[in-house]
Student: 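Just passing along the structure, written as structure tokens.
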2 protein chains.
Amino acid sequence: MARTKEFDPDAVLERALDLFWRRGYEATSMADLVEHLGIGRASLYATFGGKHDLYVKALERYVQIRDPNPIEMLSQPGPALPAVRTLVERYTEESIRDRDRRGCMIVNAATELLPDDEPVARLVETSWTSLETALTTALIRARAQGEISAEADPRALARFVLVFLQGLRVMGKGHGDPARLRDAAAQALATLR
Amino acid sequence: MARTKEFDPDAVLERALDLFWRRGYEATSMADLVEHLGIGRASLYATFGGKHDLYVKALERYVQIRDPNPIEMLSQPGPALPAVRTLVERYTEESIRDRDRRGCMIVNAATELLPDDEPVARLVETSWTSLETALTTALIRARAQGEISAEADPRALARFVLVFLQGLRVMGKGHGDPARLRDAAAQALATLR
DNA sequence: CTCTTACTAGAACGAACGGTCAAGAATAAG
DNA sequence: CTTATTCTTGACCGTTCGTTCTAGTAAGAG
């Protein structure tokens, strides 16, 4: 056998994620990454492949480790509607609080790289679809438990919340009045009762 | 005096807009622009300044000429609520129809260049604020004309619609089921009655 | 200890980047 | 027609891009 790695690939990947998240794909150079990651250029290429491979891996990691984890939040037992409401509220507060205004990396990736970048497109679509599914599941449960009207359309409501959340993440990039997002969220939540 | 320009700067600017809109800021090179614009490199620099100046001017142009023009749509006399509903529907259909999935250039600019790029941040904020104002104005009118409940909060509703519209534009970048956006819009519109 | 293997550091690669410059061409004032 | 001014063309600038290559180094197998 041979020499062992001197760094933890997972830790390095998260540092790469940090940079790509903040600056986007094109605006982040391999030189930036080498400097920020603390490993050699060749080690970077040997471990993760080229720039695009690294970006895709970082984006995959983002989906895994992001907090709040919406799927998990919506899967708790008990009343389902409060979970949805809390989710919207947490997205809102996170969009407002986010000091360096990185926004949502999925949204950033979608607007920068779609529609031409297929690997990224797949990741984005998967992320959105799984959130839609989780929301739909929760809302079906909410309807069954009498938390929302029996006539409500869970999937359509889920899609509505999904789209609204993406809007929150975009507008969180601005440095406008925090009340703007809070007002918007309050109105969106008024739909869910 | 001296020689006259051989090209129409406005027409050239719109060609630049086309490219920046499709590919974003970083991914569009000056070489791409020179080729696509049909004018010399030096003419480009002499007329518009550097790459960033050109981008900002293209973005300004985008705000001016975009169709549908939301401000205009919301300023028509008569019933105000249908105008708001039509606006949401047109954004939805445009997000779905948009064949080359360029999305909204304001959204693209916000996610790619904010928060560091101040000139772009100003443009984005102005665009969003003016749309919010137009929506608020229309909804105040709708309330006065009895089209929505007297207890409704026009500004909060406007902010809600504003955020939702940005979400539409983001998710239009994906190539998912068109029904997703239509369902979402239908639910959002259900709020406005 | 020796050998093999995979690691690290950093120089080096051609290509592409944004931007500038020099020379010639066209136009309007005098 | 002459002249002054601004345009166009295209070569050219140094820098930075993503990527590869070359040495040298560390560690387990035999």
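Side-chain atoms are counted along with the backbone in the values below, which use heavy atoms only and exclude waters and symmetry mates. Throughout, protein chains are lettered first and strands after them, A, B, ... in sequence-line order, and every chain is numbered starting at 1.
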Student: Nearest to the side chain of B:Tyr45, which nucleotide is it out of D:dG18, C:dG19, D:dT8?
Tutor: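 Of all the options, the side chain of B:Tyr45 is nearest to C:dG19.
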Student: On the side chain of B:Arg41, is there an atom forming a donor-acceptor pair with the base of D:dG10 - under 3.5 Å, no angle test?
Tutor: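 Donor-acceptor pair under 3.5 Å: no.
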Student: Rounded to whole angstrom units, what separation is found between the CG atom of B:Leu33 and the C1' atom of C:dA16?
Tutor: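 That distance rounds to 14 Å.
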Student: Should the pair A:Arg61-A:Asp10 be classified as a salt bridge under the 4.0 Å nitrogen-to-oxygen rule?
Tutor: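 Salt bridge present between A:Arg61 and A:Asp10.
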Student: Between B:Thr4 and D:dC7, is there a contact of a side-chain N or O with OP1 or OP2 at under 4.0 Å?
Tutor: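 The answer is no; no side-chain N or O of B:Thr4 sits under 4.0 Å from OP1 or OP2.
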Student: Could you state the CD-P distance from A:Glu26 to D:dT16, rounded to the nearest angstrom?
Tutor: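 Value for this atom pair: 17 Å.
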Student: Measure centre to centre between the rings of B:Tyr25 and B:Tyr55, then say whether the value is under 6.0 Å.
Tutor: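 Between B:Tyr55 and B:Tyr25, which both carry aromatic rings, the centre distance is below 6.0 Å.
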Student: Please determine if A:Asp18 and A:Arg102 form a salt bridge, counting it only when a charged side-chain N lies under 4.0 Å from a carboxylate O.
Tutor: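 Looking at A:Arg102 together with A:Asp18, the answer is yes, because their closest N to O distance falls below 4.0 Å.
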Student: Whole-Å distance between C:dG18 P and B:Asp53 CG?
Tutor: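 One finds 14 Å between P of C:dG18 and CG of B:Asp53, rounded.
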Student: Between B:Met30 and A:Gly38, who's closer to the 5' end of DNA chain C by nearest nucleotide?
Tutor: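 Result of the comparison: A:Gly38.
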Student: Within less than 4.0 Å of OP1 or OP2 of D:dC17, is there a side-chain N or O belonging to A:Ser29?
Tutor: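 For D:dC17, OP1 or OP2 has a side-chain N or O of A:Ser29 closer than 4.0 Å.
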Student: Tell me which of B:Tyr25 and A:Phe7 sits closer to the 5' end of DNA chain C, going by the nucleotide each one is nearest to.
Tutor: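 Between the two, 5'-proximity favours A:Phe7.
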Student: I need the NZ-C1' distance between B:Lys51 and C:dT20, as an integer number of Å.
Tutor: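 Atom-to-atom, B:Lys51 to C:dT20, this comes out as 17 Å.
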Student: A:Ile39 has an atom CD1; how far is it from atom P of D:dT25, in whole Å?
Tutor: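 Between P of D:dT25 and CD1 of A:Ile39: 20 Å.
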Student: Can you tell me how far C1' of D:dG10 sits from CG of B:Leu44, to the nearest Å?
Tutor: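 Taking CG of B:Leu44 and C1' of D:dG10, I get 14 Å after rounding.
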Student: Salt bridge check, A:Glu132 against A:Arg155: does any charged N sit closer than 4.0 Å to a carboxylate O?
Tutor: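 So A:Arg155 does not pair with A:Glu132 through a salt bridge.
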Student: Pick base, sugar-phosphate or nothing for A:Thr28, based on heavy-atom distances below 4.0 Å to the nucleic acid.
Tutor: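 Touches sugar-phosphate only.
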Student: I'd like to know if B:Arg193 and B:Glu147 make a salt bridge, using a cut-off of under 4.0 Å between side-chain N and carboxylate O.
Tutor: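 Looking at B:Arg193 and B:Glu147, the cut-off is not met.
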Student: Report the nucleotide, chosen from D:dG18, D:dT8, C:dC21, that has the shortest atom-to-atom distance to any side-chain atom of B:Ala42.
Tutor: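 When the side chain of B:Ala42 is considered, C:dC21 is the closest of D:dG18, D:dT8, C:dC21.
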